[in-house]
Asker: 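Supplied in structure tokens, the structure appears directly below.
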Amino acid sequence: MQHQSNRFFFNVDWITILIYIALCAIGVANIYSTEYNPDKTTAFSFSASYGKQLIFAGTGLILGLSILLFDAKFFSVFAPIIYGVTIFLLLVVLVVGRNVGGNQAWIPIGSFRLQPSEFAKFGTALLLARYISSFNVKLNSLKPIVISGAIIILPMMLIILQPDAGSMLVFLSFMFPLYREGLPGNLLIIFWGAVLLFILNLFLSPLILISSILLIGALFIYTNRKRQQKMISIGVITLIAIAYLFVAKFMFNNVLQPHQRTRIELILGLAKDNKGAGYNVIQSKIAIGSGQVTGRGFLQGTQTKLKYVPAQSTDFIFSTVGEEWGFVGCFVVIGLYIFLLLRIVNIAERQRSSFSRIYGYCIACILFFHVFINIGMAIGLMPVIGIPLPFISYGGSSLWSFTILLFIFLKLDSNRMGFI
């Protein structure tokens, strides 16, 4: 028993856990700063956001360490059930969910609000890893691609009904683990081509776009005129691209919420709004810029103290880091994330189990998407789609879901010599 305990202790990647604790501590400190008032804040209060976040972080760490006590095979065996439970919660929130900020995304449980879309991420990652690894799936044929796509798309469809476009878009990051496992590169080209067409659809008239697509299609057909099957394929792709323009326009005008359309138009330079939707980003950039190299100092940020940046403890928490800790603080935070992501990828590559490897890449891609988009939002490079900065933004559901994501992987890694 003592030998097993020692082996468990040394096999767990404690460096990753220390990075996790450091990010959580940075989150609590910066949330405290967003609420700090020298005239009112005389003592630490567990009823304030920073007090609640400390509770979330403490219980999250206990939850994570408890996960390390599970049998590693539990997560593979019960992946379908875990996925099913998260899908059930996504259905429940559509019926009994509380509407906050235009999104019916939270289930009220006493004074706490549970956000099922956050937990659906690790449920989807587990089932995707289970499906691809258990059935020796080769992602170069239609059937496994469709099944893998269905696993990802189902929670996306339920989340967009809330409607929460930000959380829904996070699930697109699962494409990259699939690519790592053999998904044809052509599909990634199609995906980014669809993104490009979506953007061009907002800038150019339908007549110009359709004419351009037909012209490009005709050129490809002419260059392949001796290969009939390829000519037919090019013709079908051309027609699909034209149809996609109308679908994309419809979704932009009718599926996205007005504030989401405005945010996309702002980031693409199609609209200017210094007092409405663009106000958050402008104030965030002012806060980050005012921090300069070393920052104004902890609890000394004027933008933070005077509440100029809305949602500063959640979506725009990075602006507090920039204002009070400056370039140095931003460098440290981003450096911790890069170190964490590289470490997860490195750990994923050393796994003997394909289940563990696939799951590890899922985590890395989810975390990268959140970090890249959230920090991009804060500095005005990405649309404001309302997703949290992992382990730092305020919120129990997001902190716990990221904790579960990470610690399941650490458990799988700790047992890598015996998990097949």
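Along the sequence shown, residues carry numbers from 1.
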Asker: Do the side chains of R296 and E323 get close enough for a salt bridge, i.e. N-O under 4.0 angstrom?
Answerer: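 So R296 pairs with E323 through a salt bridge.
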Asker: Any donor and acceptor pair, going by atom type alone, linking the side chain of N374 with main-chain N or O of H370 inside 3.5 Å?
Answerer: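 No.
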Asker: For E118, which residues count as a salt bridge (Lys or Arg N to Asp or Glu O under 4.0 Å) partner, sequence neighbours excluded?
Answerer: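 Expected list: K121.
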Asker: Who passes side chain to side chain contact (heavy atoms under 4.5 Å, CB included) against Y244, sequence neighbours left out?
Answerer: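 If we apply the side chain to side chain contact (heavy atoms under 4.5 Å, CB included) test to Y244, skipping adjacent residues, the hits are A194, L197, F198, A248.
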Asker: Going through the distances and angles, do W400 and F112 end up as a ring pair (Phe, Tyr, Trp, His ring centres under 6.0 Å)?
Answerer: CA-CA 13 Å; W400 289 343; F112 177 73; 5.3 Å; yes
Asker: Any non-hydrogen side-chain atom of D13 less than 4.5 Å from a side-chain atom of R343?
Answerer: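 Counting from C-beta outward, D13 and R343 do come under 4.5 Å.
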Asker: With side chain to side chain contact (heavy atoms under 4.5 Å, CB included) as the test, pick out the partner of P116 among I87, V85, I107.
Answerer: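 Single side chain to side chain contact (heavy atoms under 4.5 Å, CB included) partner of P116 among I87, V85, I107: I107.
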Asker: Please confirm whether the backbone N or O of L94 pairs with a side-chain atom of Q104, one donor and one acceptor, at under 3.5 Å?
Answerer: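 Between the backbone of L94 and the side chain of Q104 there is a qualifying donor-acceptor contact (under 3.5 Å).
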Asker: Are the charged groups of D413 and R350 less than 4.0 angstrom apart, N to O?
Answerer: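 A salt bridge links D413 with R350.
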Asker: Less than 4.5 Å apart, any side-chain heavy atom of Y337 and any of L389?
Answerer: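 Yes, side chains in contact.
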Asker: Can you list everything that forms a salt bridge (Lys or Arg N to Asp or Glu O under 4.0 Å) with R130? Sequence neighbours excluded, please.
Answerer: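 Residues passing salt bridge (Lys or Arg N to Asp or Glu O under 4.0 Å) with R130: none at all.
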Asker: Aromatic rings Y20 and F407: how do their planes relate, parallel, tilted or perpendicular, breaks at 30° and 60°?
Answerer: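 Y20 vs F407 ring planes: perpendicular.
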Asker: Would you be so kind as to tabulate the donor-acceptor pairs closer than 3.5 Å made by side chains of residues 138-151, with sequence neighbours excluded?
Answerer:
| unit_1 | atom_1 | unit_2 | atom_2 | d |
| --- | --- | --- | --- | --- |
| S148 | OG | P144 | O | 2.8 |

Asker: What residue pairs, at least two apart or across chains, pass side-chain hydrogen bond (donor to acceptor under 3.5 Å, both in side chains) with a residue in residues 381-393?
Answerer: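 For residues 381-393, and leaving out neighbouring residues, there are no side-chain hydrogen bond (donor to acceptor under 3.5 Å, both in side chains) pairs at all.
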Asker: Can L172 and F191 be said to form a side-chain contact (heavy atoms from CB on, under 4.5 Å), step by step?
Answerer: CA-CA 10 Å; L172 294 177; F191 170 75; 4.0 Å; yes
Asker: Once side chain to side chain contact (heavy atoms under 4.5 Å, CB included) is applied, do any residues pair with A129, and if so which ones, sequence neighbours excluded?
Answerer: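 For A129 the side chain to side chain contact (heavy atoms under 4.5 Å, CB included) partners, ignoring immediate neighbours, are F355, I358, Y359.
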Asker: Would you say S319's side chain and F316's backbone share a donor-acceptor pair under 3.5 angstrom?
Answerer: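 Indeed, once roles are kept as given, a pair shorter than 3.5 Å links the two residues.
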Asker: Can you pull out every ring pair (Phe, Tyr, Trp, His ring centres under 6.0 Å) where at least one residue sits in residues 151-173? Sequence neighbours excluded, please.
Answerer: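 Of all non-adjacent pairs touching residues 151-173, those that pass ring pair (Phe, Tyr, Trp, His ring centres under 6.0 Å) are F171-F174.
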Asker: What residues, two or more places apart in sequence or in another chain, satisfy side-chain hydrogen bond (donor to acceptor under 3.5 Å, both in side chains) together with S398?
Answerer: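 Here no residue qualifies.
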Asker: Who pairs with V77 by side chain to side chain contact (heavy atoms under 4.5 Å, CB included), at least two apart in sequence or on another chain?
Answerer: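 Counting only residues at least two positions away or on another chain, V77 forms no side chain to side chain contact (heavy atoms under 4.5 Å, CB included).
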Asker: Can you find a pair of side-chain heavy atoms, one from Y179 and one from M175, that are under 4.5 Å apart?
Answerer: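 No, their side chains stay 4.5 Å or more apart.
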Asker: Any sub-3.5 Å donor-acceptor pair from S284's side-chain atoms to A378's backbone N or O?
Answerer: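 It does hold such a pair.
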Asker: With a 4.5 Å cut-off on side-chain heavy atoms, are I366 and F122 touching?
Answerer: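 SC-SC contact between F122 and I366 ruled out.
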Asker: Sequence neighbours excluded, which residues qualify as side-chain hydrogen bond (donor to acceptor under 3.5 Å, both in side chains) partners of S117?
Answerer: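 Result, side-chain hydrogen bond (donor to acceptor under 3.5 Å, both in side chains) vs S117: Q115.
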Asker: Is there a side-chain contact between V332 and V321 in this structure, where contact means two heavy atoms from C-beta onward sitting under 4.5 Å apart?
Answerer: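 The answer is no, as the side chains (C-beta and beyond) never meet within the 4.5 Å cut-off.
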Asker: I want to check something: taking the side chain as every heavy atom from C-beta on, are Y83 and L154 in contact at a cut-off of under 4.5 Å?
Answerer: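 The answer is yes, as the side chains (C-beta and beyond) meet within the 4.5 Å cut-off.
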Asker: State whether the number of non-hydrogen atoms from other residues, nucleotides or ligands found under 6.0 Å of F372 atom CZ is greater than 12.
Answerer: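 No.
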Asker: Could you tell me if the side chain of L178 sits less than 4.5 Å from the side chain of L128, heavy atoms only?
Answerer: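 Yes; the side chains approach each other to less than 4.5 Å.
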Asker: Parallel, tilted or perpendicular: which fits the ring planes of F56 and Y394, with parallel below 30° and perpendicular above 60°?
Answerer: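 Judged by the thresholds at 30° and 60°, the geometry between F56 and Y394 is tilted.
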Asker: Would you check if I282 and K285 make a side-chain contact, meaning some heavy-atom pair closer than 4.5 Å?
Answerer: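 The answer is no, as the side chains (C-beta and beyond) never meet within the 4.5 Å cut-off.
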Asker: Is the side chain of D164 donor-acceptor paired with the backbone N or O of I160 at a distance under 3.5 Å, no angle test?
Answerer: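 No: the side chain of D164 does not pair with the backbone of I160.
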Asker: What residues form a salt bridge (Lys or Arg N to Asp or Glu O under 4.0 Å) with R227, not counting sequence neighbours?
Answerer: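 For R227 there are no salt bridge (Lys or Arg N to Asp or Glu O under 4.0 Å) partners, ignoring immediate neighbours.
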Asker: Going by the rule side chain to side chain contact (heavy atoms under 4.5 Å, CB included), which residues pair with R113 if we only count those two or more places apart in sequence or in a different chain?
Answerer: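 Listed in chain order: R98, V100, W106.
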